[in-house]
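Have a look at the structure below, then the notes.
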Amino acid sequence: MATDTAGLVKILEAVAGKISENREFLTELDSAIGDADHGINMSKGFSAVLEKLHSQKIDDCGTILKTVGMTLVSTVGGASGPLYGTAFMKAGQAVAGKSSLDFEDFVTILDQALEGIKYRGKAQRGDKTIIDALEPAVEILRKEKDCTDKKAAMDKALNAAKEGVEYTRSIIAKKGRASYLGERSIGHQDPGATSCYLMLQAAIEKIKEMSGKGC
Amino acid sequence: MATDTAGLVKILEAVAGKISENREFLTELDSAIGDADHGINMSKGFSAVLEKLHSQKIDDCGTILKTVGMTLVSTVGGASGPLYGTAFMKAGQAVAGKSSLDFEDFVTILDQALEGIKYRGKAQRGDKTIIDALEPAVEILRKEKDCTDKKAAMDKALNAAKEGVEYTRSIIAKKGRASYLGERSIGHQDPGATSCYLMLQAAIEKIKEMSGKGC
Amino acid sequence: MKKLINNPEHVVEEMLEGMVAAFPGYVRKLEGFNVIVRADAPIKGKVGLVSGGGSGHEPSHAGFVGKGMLDAGVAGAVFTSPTPDQIFEAVKAVDGGAGVLLIIKNYTGDVMNFEMAGEMAEMEGIKVAKVVVNDDVAVENSTYTTGRRGIAGTVFVHKIAGAKAQAGGTLEEVKTVAEKVIANVRSMGMALTPCVVPAAGKPTFTLAEDEMEIGMGIHGEPGTMRTKIMKADEIVEHLMSKILTDLPYKPGDEVAVMINGLGATPIMEQFIMNNKVNKILKEKGIKVHRTYIGEYMTSLEMAGASITLLKLDEELKNLLDAPADTPAFRQF
Amino acid sequence: MKKLINNPEHVVEEMLEGMVAAFPGYVRKLEGFNVIVRADAPIKGKVGLVSGGGSGHEPSHAGFVGKGMLDAGVAGAVFTSPTPDQIFEAVKAVDGGAGVLLIIKNYTGDVMNFEMAGEMAEMEGIKVAKVVVNDDVAVENSTYTTGRRGIAGTVFVHKIAGAKAQAGGTLEEVKTVAEKVIANVRSMGMALTPCVVPAAGKPTFTLAEDEMEIGMGIHGEPGTMRTKIMKADEIVEHLMSKILTDLPYKPGDEVAVMINGLGATPIMEQFIMNNKVNKILKEKGIKVHRTYIGEYMTSLEMAGASITLLKLDEELKNLLDAPADTPAFRQF
Ligand SMILES: Nc1ncnc2c1ncn2[C@@H]1O[C@H](COP(=O)(O)OP(=O)(O)O)[C@@H](O)[C@H]1O
Ligand SMILES: Nc1ncnc2c1ncn2[C@@H]1O[C@H](COP(=O)(O)OP(=O)(O)O)[C@@H](O)[C@H]1O
Ligand SMILES: [Mg+2]
Ligand SMILES: [Mg+2]
Ligand SMILES: [Mg+2]
Ligand SMILES: [Mg+2]
């Protein structure tokens with residue numbers, strides 16, 4: 001299981017596709033506890049990402065991820081722009097100069113993405129944000145960094161993200177726009193946690209597909 | 001057929017009552033081609049008139065009419081306030097100092113009221129205004145000034161006013177707020193002509209009632 | 001009816017009190033009358049400027065009382081001309097010995113009530129002159145009828161006549177320049193929604209969800225055209241074509257522009273309109289000397305806007321540029 | 001959706017162009033960016049003030065760019081924080097060597113985007129400081145959450161920090177006085193109707209014909225209470241009780257008052273509200289130093305208003321009283 005820059009671009013295309021498919025769904029989630037723009041903002045950002053990646057060939061995985069991050073920052077706006085933007089930029093820094101990525105790099109990328117989001121947003125688990133989906137997945141991957149069945153590890157991580165998304169339904173929002181709702185935010189699934197899960201799902205599926213049977 | 005100041009007040013009470021009864025109707029007429037306030041304005045004015053007349057005893061018919069006019073001017077506002085106000089003030093001037101009024105005075109009063117409205121509003125017959133009701137009535141009374149059957153003369157005059165009101169349905173408004181409608185003012189009965197007819201009707205009924213059988 | 005009020009019968013009094021409470025340095029209210037005058041009125045030797053009309057057009061007219069503009073604003077009931085006694089009080093309160101100019105919007109009721117007030121003032125020996133503003137090109141003009149309505153262009157009359165009076169102009173001079181403004185100012189408006197007179201409790205007209213009214217009056221008088229909603233640029237083109245053809249214009253002419261929100265129009269939309277106004281003027285080679293954007297002559301909570309152009313010469317430019325300091329109109 | 005626009009995607013650009021066309025003497029637009037800066041920016045030696053946020057709050061923020069207030073206003077998409085690159089351009093354009101203060105309304109998105117812009121500027125060697133305005137007492141305060149929202153009180157920060165910068169204050173001094181304003185300013189709003197984001201085409205929330213929302217945010221965020229419509233006086237009492245209990249007040253204290261229309265509220269109603277505000281303050285022995293009434297921080301065409309009180313000391317009074325000359329805020 002390893003991927004070159006072309007493979008990385010394919011993974012990012014899958015992520016972008018997933019966001020675009022879920023544009024309405026994410027916006028609907030945001031309309032319940034936010035301002036009904038999460039799907040719109042994110043798909044606008046990933047359209048720009050695709051355009052950017054297709055307009056130039058970059059032969060360094062780190063630069064690709066940094067480009068994604070900078071594009072998101074300058075096109076998404078709102079809360080998710082700086083958060084996901086910082087996530088990708090931090091991830092890119094961590095794999096700077098690499099022309100291919102292996103499973104360990106994948107774990108590093110997500111780990112650094114999480115750090116970036118925490119640095120930028122100052123939220124923690126249980127605040128009903130992106131972190132509730134991302135951190136459980138990263139924790140599992142950290143533990144399984146040296147495992148043999150990478151696919152199983154990724155599935156486990158994805159499942160943990162999914163549970164994290166479910167968990168957001170039961171808690172009060174403490175960060176972001178939904179926090180103004182207080183108690184009334186309970187019962188609603190967090191849009192950012194959901195988009196994070198969807199992105200992970202698309203990436204992991206693509207990685208598994210590309211790596212054929214086994215890694 | 002003659003009336004003292006008390007009788008004049010009774011006539012004015014009848015006029016006020018008639019306006020108040022027709023508050024909604026006049027407003028409705030004004031809503032079709034104006035700004036839906038004619039009944040409201042007029043009944044506000046005549047309530048103030050009643051209050052004024054009941055709060056003091058005036059022993060001069062001219063002063064009574066002038067008081068009515070000044071009260072209307074300072075309470076009705078809009079177009080009808082200055083018009084009817086001027087009408088009553090001019091009428092009052094014409095019978096200044098009189099402690100009782102006869103049929104000839106009644107004719108003079110209406111004649112001067114018409115003059116006042118024309119002076120103030122610069123409209124003429126056919127412009128779809130108060131004048132279309134008042135002028136036909138005044139013309140008949142002028143001719144019948146010396147007649148023997150005063151009652152019949154008044155009925156004839158009232159009938160002419162009524163026909164004038166009907167006539168306003170068929171013409172374009174050239175003065176007042178309805179004039180902005182141009183052609184679209186056709187088909188609607190003029191509120192001011194209507195209130196004028198109603199006032200004449202109330203006054204004439206009361207005069208006939210008070211003078212018993214014959215004059 | 002959704003309104004932030006207490007009682008429809010008291011809106012005018014409460015509004016005026018709230019205004020005086022907000023701007024005690026600028027204005028005061030005449031006890032017992034719905035008249036707002038400059039805090040320092042009367043000003044000895046200065047021509048007094050009195051305007052007014054029905055309420056519901058705020059900040060007109062009381063909001064323009066202050067240095068360089070009006071000396072008094074008389075507030076009638078909502079959409080109803082004030083009565084002569086109120087106007088007369090205003091005249092007496094601001095006459096500083098140099099006479100008083102009445103600035104009247106051309107509505108039958110307003111004209112007659114102001115006229116009567118003028119007669120009352122003259123009987124008391126106060127010199128009074130009057131001008132009647134009729135800038136609304138939506139209405140056909142004819143000397144045989146009531147003629148055109150006065151709308152937002154009135155504010156330019158306040159400003160320029162106000163500057164002339166502030167500069168020491170005589171009653172005759174102030175009147176003359178006011179008439180020059182009236183001769184050169186043209187406006188037209190459109191509405192997306194009607195408004196609700198508090199005492200009536202229901203809209204003055206109704207428009208479908210996809211309709212708009214062009215050329216309606218500031219009291220909800222019907223307009224010249226009811227159509228499907230158009231794009232802002234198309235609306236502006238229509239209004240501008242009426243305004244620009246009503247006076248002769250040639251390249252090099254200079255104008256002042258006013259985009260006047262009618263009450264519920266977001267400022268964003270007023271700027272979008274101005275963008276197109278500006279392009280049209282540029283194409284025609286007409287120079288914009290100054291632009292005013294905001295709420296000047298409203299219709300309660302009506303959504304919509306009017307466009308006003310004032311054709312300028314040197315005299316009008318200088319007077320327009322003069323400073324003014326009032327609650328709702330300030331210019332350095 | 002009834003709007004005077006051409007295309008929901010272009011509202012921000014067209015609005016900014018329309019604004020520059022209206023006020024070329026005051027402002028210009030940075031080519032390629034949705035940033036409005038003072039026509040004479042950068043001003044050598046003066047601390048630059050940059051504010052901004054989502055569009056739809058006009059005249060905030062670009063309308064307050066000018067002498068004595070802001071140096072730049074950055075306009076995001078409607079109700080969406082601008083991105084860091086836009087803010088960074090603004091910072092570069094107005095830095096006159098004395099550093100730049102970022103005035104941010106407390107929304108997660110705004111805070112993060114301005115923060116990133118600040119980091120970018122610092123990497124280029126521009127000194128940057130920031131303050132976050134959180135005046136909305138409708139939202140419970142807590143250091144563990146996002147905290148309170150920034151609403152109309154932000155305009156007082158612009159005004160007072162702007163005066164301090166204009167008077168030659170250092171970045172540190174300007175920041176300190178901005179924080180003093182933030183510590184002393186409290187606001188709360190209510191709405192009679194929602195508003196429609198052009199790109200969304202439908203209202204952000206719905207209210208029945210007889211309902212109103214108290215404590216909602218300027219992007220239509222839900223409020224603390226949904227009730228039957230109350231009288232203006234009752235509404236004002238409710239808002240004032242929240243505002244006045246959030247800071248210690250005693251007789252003799254002085255305040256500035258702002259009644260801020262949210263977009264579709266007639267000026268008449270704003271004055272009626274001020275009437276009650278004034279009575280309440282009088283009862284409590286609190287002195288009104290200055291009152292601002294009008295549209296300062298709107299929510300497109302939302303009907304409703306917010307009340308802001310700023311508790312003043314001598315320093316704040318002097319800075320508030322200083323002249324300002326911008327498209328939407330002028331004071332002699
Ligand atoms: N401080 C934060 N840390 C992490 N995620 C956050 C934070 N604040 C908000 N979010 C996420 O952002 C999402 C909303 O994003 P979006 O709708 O694009 O931005 P906005 O709220 O500015 O409209 C929320 O659902 C939440 O998951
Ligand atoms: N110049 C005029 N001369 C005579 N009557 C007039 C004139 N202008 C208007 N009117 C009358 O006034 C009536 C409207 O009165 P009203 O509704 O009270 O005033 P406004 O139009 O100011 O609301 C019209 O129906 C018309 O009969
Ligand atoms: Mg959102
Ligand atoms: Mg009427
Ligand atoms: Mg009327
Ligand atoms: Mg948003």
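Proteins get letters first, then strands, A, B, ... in listed order; numbering begins at 1 in each.
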Donor-acceptor pair, side chain of C/Asn260 and main chain of C/Glu295, under 3.5 angstrom
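Flag not set: sc C/Asn260 to bb C/Glu295 has no pair under 3.5 Å.
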Is there a donor-acceptor pair closer than 3.5 Å between any side-chain N or O of C/Glu211 and the backbone N or O of C/Ala208?
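Confirmed, C/Glu211 side chain pairs with C/Ala208 backbone.
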Counting heavy-atom pairs under 4.5 Å to chain C, which of [options] comes out on top?
{"options": "D/Thr298, D/Val11, D/Val20, D/Ile293", "value": "D/Val11"}
{"options": "D/Ile267, D/Asn6, D/Asn274", "value": "D/Asn6"}
{"options": "D/Met273, D/Met15, D/Lys2", "value": "D/Lys2"}
{"options": "D/Gly56, D/Pro327, D/Gly25, D/Ala324", "value": "D/Ala324"}

Is there side-chain contact between D/Leu207 and D/Thr193, with heavy atoms separated by less than 4.5 Å?
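The answer is no, as the side chains (C-beta and beyond) never meet within the 4.5 Å cut-off.
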Check whether any side-chain heavy atom of D/Met297 lies under 4.5 Å from a side-chain heavy atom of D/His61, and answer yes or no.
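Yes, at least one pair of side-chain atoms sits under 4.5 Å.
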Measure [X] against the heavy atoms of chain C and call it side chain, backbone, both or neither at under 4.5 Å.
{"X": "D/Met190", "answer": "side chain"}
{"X": "D/Val78", "answer": "side chain"}
{"X": "D/Ile235", "answer": "side chain"}
{"X": "D/Asn7", "answer": "neither"}
{"X": "D/Met19", "answer": "both"}
{"X": "D/Ile272", "answer": "both"}
{"X": "D/Val288", "answer": "neither"}
{"X": "D/Asp233", "answer": "both"}

Using 4.0 Å as the upper bound for N to carboxylate O, is an ion pair formed by [Y] and [X]?
{"X": "D/Glu301", "Y": "D/Lys3", "answer": "yes"}
{"X": "C/Asp325", "Y": "C/Lys67", "answer": "no"}
{"X": "C/Lys29", "Y": "C/Glu17", "answer": "no"}

Between [X] and chain D, with a heavy-atom cut-off of 4.5 Å, which part of the residue counts as in contact: side chain, backbone, both or neither?
{"X": "C/Leu16", "answer": "neither"}
{"X": "C/Leu192", "answer": "both"}
{"X": "C/Asn278", "answer": "side chain"}
{"X": "C/Ala21", "answer": "both"}

Would D/Met268 and C/Glu14 satisfy side-chain contact (heavy atoms from CB on, under 4.5 Å), going step by step from the backbone distance to the final call?
CA-CA 9 Å; D/Met268 170 185 274; C/Glu14 291 182 12; over 6 Å; no
Would D/His219 and D/Ser299 count as having a side-chain donor-acceptor pair, cut-off 3.5 Å?
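Judged by distance alone, the side chains do not pair up.
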May I ask you to check whether C/Gln331 and C/Tyr292 show a side-chain donor-acceptor distance below 3.5 Å?
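Distance-only check passes for C/Gln331 and C/Tyr292.
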Which of the residues C/Arg290, C/Lys282, C/Arg330, C/Lys279 is involved in the greatest number of heavy-atom pairs with chain D at under 4.5 angstrom?
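Most pairs with chain D among the choices: C/Arg330.
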Does the separation of the ring centres of C/His57 and C/Phe79 fall below 6.0 angstrom?
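Ring centroids of C/His57 and C/Phe79 are less than 6.0 Å from each other.
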